[in-house]
Amino acid sequence: MKNVIRTQVHALTAEGNDTIKTVYTRTVDIDWSDLRITALGPNSPKVDGEVSYPVEFVFIKCSEGKDILSKYYNADLDSCLSHGIRVAPYHFFSSKSNAKDQAAHYIAHARINEGTMRPMLDVEPESKQLKEMGGIEGCIAGMTTFVDEVEKATGRKCVLYLNQNFVKRYYHLFTETLRQCDIWIAKYYEKHPYSPHCIWQFSCKGRVNGIYGDVDLDVFNGSREDFERWCDEE
């Protein structure tokens, strides 16, 4: 989870169209020893007083599809563990490969049960991608296969990352396997999600000391005691 900084310039083509050219790209290390939330972002839940909160948990991307692996994953995971930060790896579900292959790829690299929280499946298909999966029925079948394969290999149930609209439209079609999974829900702006969830991603414009640029922010739906139990559940 390096910070990637791109410097860009805008220019007009001969036809008058706006183009963007990246001048250079560089990465900046995260200061894992000094992470602190300093801004929640516009339209986020309002709080009294100064925004200054420790980072209690981190979700990091491990893999995507059947062969894409984050080159920063192992270093990020080790950094979280060495700094006492709760951490969970997620897999980005792809429409380009079958679910069983994707699960095998994730299982091989995620290092589940090496001090991590539960495995996580990130599902956010657009209309075109849903068609590639065989519609919502194909998507749900693939999700179910992925969750089943991961649980068989690790002994732990997945957490599903979904947006509020996806849950509203399709939750009634979920298999029993998927209904047993907790939901990490994306719903930006200050109004609380109206569907069941364990984690609420409420902002994509937060600021965290030690990280350059905007950061997604999440909050656990429960007490600290609830959170500690949840982290260690299978």
Side-chain angles (χ1 to χ4, degrees), residues 1-6 8 20 30 35-62 64 70 76 80 85-95 117-130 133 136 139-140 143 158-174 178-179 181-228 230-231:
M1 199 165 68
K2 296 266 188 179
N3 296 293
V4 179
I5 304 172
R6 294 182 176 87
Q8 298 178 328
I20 300 175
I30 292 172
L35 298 185
R36 180 163 286 273
I37 299 169
T38 57
L40 302 182
N43 304 314
S44 294
K46 302 301 185 287
V47 298
D48 295 328
E50 179 185 6
V51 173
S52 181
Y53 307 121
V55 173
E56 302 281 359
F57 58 89
V58 173
F59 302 144
I60 53 179
K61 182 176 181 178
C62 170
E64 178 177 341
S70 168
D76 287 344
C80 287
I85 302 171
R86 293 282 197 171
V87 58
Y90 72 85
H91 174 86
F92 189 88
F93 198 55
S94 171
S95 62
M117 296 188 288
R118 278 180 282 173
M120 294 182 155
L121 176 62
D122 179 346
V123 182
E124 42 186 309
E126 297 179 355
S127 298
K128 178 183 177 182
Q129 294 163 328
L130 271 181
M133 295 178 188
I136 186 58
C139 178
I140 288 174
M143 292 166 62
C158 286
V159 177
L160 304 177
Y161 175 84
L162 309 166
N163 66 50
Q164 179 73 83
N165 289 335
F166 190 95
V167 174
K168 180 180 179 181
R169 294 183 67 182
Y170 303 126
Y171 187 81
H172 69 286
L173 299 175
F174 277 20
L178 297 183
R179 288 175 182 269
C181 297
D182 283 336
I183 293 177
W184 165 24
I185 198 161
K187 184 179 187 297
Y188 302 143
Y189 308 115
E190 61 184 280
K191 188 173 290 187
H192 197 273
Y194 48 77
S195 56
H197 62 281
C198 63
I199 300 287
W200 174 22
Q201 186 174 100
F202 62 86
S203 176
C204 60
K205 297 287 185 179
R207 291 288 171 147
V208 176
N209 190 53
I211 300 179
Y212 181 90
D214 294 335
V215 180
D216 296 338
L217 297 180
D218 305 272
V219 62
F220 179 75
N221 186 20
S223 67
R224 176 171 291 279
E225 292 74 19
D226 293 335
F227 175 68
E228 294 298 332
W230 183 84
C231 286

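Position 1 is the first residue of the sequence; numbering continues from there.
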Is the count of non-hydrogen atoms from other residues, nucleotides or ligands lying under 6.0 Å from K46 atom NZ greater than 12?
-> yes
Taking ring-ring contact (aromatic ring centres under 6.0 Å, His included) as the test, write out the residues that go with F202, two or more places apart.
-> W200
Taking the side chain from Q129 and the backbone from E126, do they hold a donor-acceptor pair closer than 3.5 Å?
-> yes
Is the number of heavy atoms from other residues, nucleotides or ligands under 6.0 Å of Y194 OH greater than 12?
-> yes
For S195, side chain to side chain donor-acceptor pair (under 3.5 Å) partners two or more places apart = Q164
Under the salt bridge (Lys or Arg N to Asp or Glu O under 4.0 Å) rule, what do K61 and D122 come out as? Steps first, then yes or no, please.
-> CA-CA 9 Å; K61 182 176 181 178; D122 179 346; over 6 Å; no
Can you tell which of V51, I211, N209 makes a side chain to side chain contact (heavy atoms under 4.5 Å, CB included) with I37?
-> V51
Aromatic plane relationship, F227 with F57 - under 30° parallel, 30 to 60° tilted, over 60° perpendicular | tilted
Criterion side-chain contact (heavy atoms from CB on, under 4.5 Å) on I85 and V87, from CA distance to verdict | CA-CA 6 Å; I85 302 171; V87 58; 5.6 Å; no
Classify the ring geometry between F220 and W230 as parallel (under 30°), tilted (30 to 60°) or perpendicular (over 60°).
-> tilted
With under 30° as parallel and over 60° as perpendicular, where do the rings of F93 and H91 fit, or are they tilted in between?
-> perpendicular
Please name all residues satisfying side-chain contact (heavy atoms from CB on, under 4.5 Å) with E56, sequence neighbours left out, ordered by chain then number.
-> P54, R224
When you measure from the side chain of R36 to the backbone N and O of G210, does any donor-acceptor pair fall under 3.5 Å?
-> no
Counting distance only, does the side-chain N/O of S70 pair as donor-acceptor with the main-chain N or O of C62 below 3.5 Å?
-> no
